[in-house]
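Since the structure comes first, as structure tokens, the remarks are kept for the end.
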Amino acid sequence: MSILVLTYSNKAANELSERLAANNPTAAAAMWIGTFHAFGLDIVRRFHDKLGLPPDPRLVDRSEAIELLEDELPRLPLRHYRNLWDPALDLSDMLHAISRAKDEVIDAARYRTLAQAMADNAGHDEEAAMRAEKCLEVALLFETYERLMAAGHLIDFGDLVALPVRLVETDAEVRAALKARHQHVLVDEYQDVNRASVRLLRAIVGDGRNLWVVGDARQSIYRFRGASATNMAHFAVDFPGAQVRQLGVNYRSGREVIEVFTAFSGAMKASAGALPLQLTADRGVLNARPEFRVVRSTEDEISAVAAVIQEQQEAGIPYRRQALLCASNARLSDIAEGLEARGIPVLHLGSLFERPEIKDLLALLSMLTDPYAVGLVRAVTMSAHEMPLQEVMQIIGHLRENKAAALDWRQAGAELPSLATESQTALSRVADLFTGLNPMGNPWTILTMWVIDRLGLAKTLHLARDPRSRMKGLALWQFLNFCRRQPSGAGIPSVRLLDRIRRLVLLSEDRGLRQLPGVAEGIDAVRLMTIHGSKGLEFDIVHIPGMVTSGLPRNNMAPRCVPPDGLIHGSQGLTGLEAIKTGHDEEEECLFFVALSRARDRLFLYASSVQADGKVRNPSKFIPAINHLLVHPANPAQRSGAARPATTVGITWEEKPVWTENQVNLFERCPRRFLYTHVLKLGGRRTETAFMKMHNVVSDLFDWLKTVHETTTPSDSELSFRFEEAWQAKGAADHGYAEDYRRIGRRLIDYLIETRSNGVRSPVAPLSLGWAEGDILVKPDSVARGERGQVVVGRVKTGKPRSNAFDDIEYTILHLAAVQAYGGQAQVEVTYLTSETTEPMSISAKKLETRRQKVQNIVQRVRSGDFPLQAEARACPRCPSFFICGELPDGAVTIKKL
DNA sequence: TTATACCCTCTGAAA
DNA sequence: GAGGGTATAA
């Protein structure tokens, strides 16, 4: 006799087990409690021989799957998913689509059939034909993936349920064995169960006489990962003869809170097929109506939240019983920082690798192998290791001049007697951390030694019992745990670790590390979490900021890789894209419903009314349905906090600075990166893909052409020789598919030569744009006469054009310089080697003017040393300064010459 | 009413 | 990089 209890999450399973063990140990002993995936793994292990797998097949996560496929990508005949700059990005998108297919128990062969059907039905509809083509490309990758997984006897998360489904549906023996084992089956949160899980369930319970499920269609917030919208509505179809009962008593919330989410449920699409919400409030009326507080800016919003949290804490509701819920992690991090600055303790890890105490360690770790010890810029901001910026620059400059080797920096003090005594001490203290270490050391051992022993962080943080220190302690614990479990492989261990961290952040695969360990429960701090994360939990007070347009509901972001038509169960008559889009609005409503219903006693909603550029921001469109139930304080209280740290650097320029248009372009993307790269000249190691290396070779060769063959054309043999030389030095010569890259690179060069052979070339003079605070020097790649006699200034790019490429500020600069030098008729032209096209630059007068002002503004800001941080999820993990970015050492610097 | 410019934002479980 | 919102110009 056994009862099978299936849940959607591990957390829920553990909680259930614990409670049951405490209340009814006998019943608990008769139960198998776990997730669908755990159950699936159990089946896979038990019947591994029937599946053709070893007894304990290895499970790979997405980042390992990407590594598995990365080398294959250039070989596959793909047209749409061919971002070779960063193959991991396209692979990640396609793997999402593949795991979505597995949620529907669809294999590569079936995927291809669906995609082929799309192609066959496209007819003369070009857009439909393109959608089909993309799906066919995913099918191809899917087939490759299946082949590689089978060859290595590997399985992924999707397989954990999909493989058992196929087995159970086709094998009567397996079915009978499972049926005999589980007389009763209970399923929690049925609305979040995906199609594969329903099929597994159906095969085991048959008509469902012994099946009992609980779910709420209004809390269906995991549709994007395969929870089928139709599961709840189709329950009676999937299990004929089902009886449906409604829960009528709410034991959690006061009546005022229940009234709000009941009112909202009336406006929800998910209510259409569900029973109307009719709940009695077990706790009755609490005399605390939910509030909606509207303030001016988003900063004010944080101040308003802080004020309410503090007020409630003083009224007797401890921080730990209050929660702040947000739709997105990015916004959550912002708010966490803001609340901490206002003296409110928060329980929030955020992105582990963006935390200052972790970045400190990563910067230190980079100094194990980086000969120029760029990590010093961050290391000397740690307490007891401080050194002024100017002296750090002196050390790094010295190492660079002397072509230092790894760890040479430890002796730099002796070589630089002019260094202040305090700096000598600071440097030797940093060097002490590296005593006895060598670059091939195990990063985990090294980091642990720093944290526990040499930096003494573990002790300091343990003794300080304030919430902030405890959060730091937890972050370090989490980080060290992560470092301990690293996949094995060749190369320098610390470099591999740092590269892996960049990749995890880039692909947002570091999410698992945001989870707080159980020991955090006891910390008295406000719980900050995403609404998804709050599922199944409850809090005395719930704060929901960001109730503005496109805050919640968020804008519909279709995945970059859309499933083929007919893949999603219950979406007949819709295209794959439509099936996903219709789900979005509904899911956002559910998200709000979940957030509202987390509150026991009180609910506070917040919004800002003005955005950064001064434009009005309207309240969320979810508000009208509940507005009549909300209190609207006239002038909500605000609790202000410490100002954000200044981001200006005192710089003395010995000469008037001169920049290039590319450098200005970089400032626009990230001022801080500009500071590190072009002012402090830190350089730093970049991880380059084979494709990037190929482009570097092309750029190298182009530079050579411009200097040696400015007005001539090289012979074929000379060109081939130079190419070969550059390829050996800088190309991806040792890559598995080096030949493919070499061929592409060579084609780009050949095209470049073709374009150069049109017309006679003359030497190109640099053009200059000047301001009081600095100049911009522009060196065009070519200058020629156009058909109408106007001057055409040319620029060559190795890539292909983007739709809005001319919005980039570098083209404005090029245009302004060309017009200044050659008059109003001058024209800028850009040649793209990859697409083999040349496009005249065009920009509206209005855009040109705003960008001209922007350029001027940038030159002024650089001069005055204004380099704010500008965290950007996609750019930062690729930035050479990723691990050092943040707080700067004190003091001013003098820039002699750029 | 329509086109354009610019700003803001981008979730995540499963062994 | 793209979708969606707000404001402004046409």
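Chain letters run A, B, ... following the sequence lines, proteins first, then strands; residues in each count from 1.
- Within the 4.0 angstrom heavy-atom criterion, no nucleotide atom of any strand lies near A:D61.
- Contact between the side-chain N/O atoms of A:N618 and the OP1/OP2 oxygens of C:dG5 is not found at any separation under 4.0 Å.
- Side-chain nitrogen and oxygen atoms of A:T850 include at least one within less than 4.0 Å of the OP1 or OP2 phosphate oxygen of B:dC6.
- When rounded to the nearest whole Å, the span between CD of A:E587 and P of B:dT11 equals 13 Å.
- A close approach under 4.0 Å does occur between a side-chain nitrogen or oxygen of A:T35 and OP1 or OP2 of B:dA15.
- Side chains of A:D510 and A:S351: a donor-acceptor N/O pair is present below 3.5 angstrom, by distance only.
- Here the nucleotide nearest the side chain of A:H37, chosen from C:dA7, B:dA13, B:dT11, is B:dA13.
- For the P atom pair drawn from B:dG12 and C:dA2, the interatomic distance equals 23 Å after rounding to whole Å.
- If you measure from atom CG of A:N10 to atom C1' of B:dG12, you get 15 Å, rounded to the nearest angstrom.
- For the pair A:N555 CG and B:dC6 P, the computed distance is 20 Å after rounding to whole Å.
- The ring pair (Phe, Tyr, Trp, His ring centres under 6.0 Å) test applied to A:H153 returns no partner, not counting sequence neighbours.
- Distances from the side chain of A:R617 to the nucleotides B:dT11, B:dC8, B:dA5 place B:dC8 closest.
- With C:dA7, B:dG12, B:dA15 as the choices, the nucleotide that has an atom nearest any side-chain atom of A:A38 turns out to be B:dA15.
- Within the nucleic acid shown, A:S508 has no heavy atom closer than 4.0 Å to any nucleic acid atom.
- One atom, CG of A:L506, and another, C1' of C:dG1, lie 14 Å apart when rounded to the nearest Å.
- Considering only side-chain N and O atoms, A:S550 lies nowhere under 4.0 angstrom from the phosphate OP1 or OP2 of C:dG3.
- A close approach under 4.0 Å does occur between a side-chain nitrogen or oxygen of A:N329 and OP1 or OP2 of B:dG12.
- Nucleotide C:dA9 holds its P atom 17 Å from the NZ atom of A:K847, rounded to whole Å.
- No hydrogens or angles considered: nothing links the side chains of A:R218 and A:S597 as a donor-acceptor pair under 3.5 Å.
- For the pair A:E301 CD and B:dC8 P, the computed distance is 14 Å after rounding to whole Å.
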TODO: Carefully, step by step, assess A:V44 and A:D159 under the rule side chain to side chain contact (heavy atoms under 4.5 Å, CB included).
DONE: CA-CA 9 Å; A:V44 169; A:D159 294 331; over 6 Å; no
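- Of the candidate nucleotides B:dA5, C:dA7, B:dG12, B:dA5 has the atom lying nearest to any side-chain atom of A:S844.
- To the nearest angstrom, C1' of B:dA14 lies 15 Å from CZ of A:R100.
- For A:T549, a side-chain nitrogen or oxygen approaches OP1 or OP2 of C:dT6 to under 4.0 Å.
- With respect to the salt-bridge test (charged N to carboxylate O, under 4.0 angstrom), the residues A:R617 and A:E301 do not qualify.
- Residue contacts shown for A:R851 are limited to sugar-phosphate atoms, with no base heavy atom under 4.0 Å away.
- Across C:dT6, C:dA9, B:dA15, the shortest atom-to-atom separation from the side chain of A:F157 is found for B:dA15.
- At least one donor-acceptor pair under 3.5 Å links the side chain of A:R851 to the backbone N or O of A:D807.
- Within the 4.0 angstrom heavy-atom criterion, only backbone atoms of the sugar-phosphate kind lie near A:L41; the bases stay farther away.
- Atom C1' of nucleotide B:dT11 and atom CZ of A:R331 are separated by 16 Å, given to the nearest angstrom.
- In the set C:dA7, B:dT11, B:dA15, B:dT11 carries the atom at the smallest distance from any side-chain atom of A:T530.
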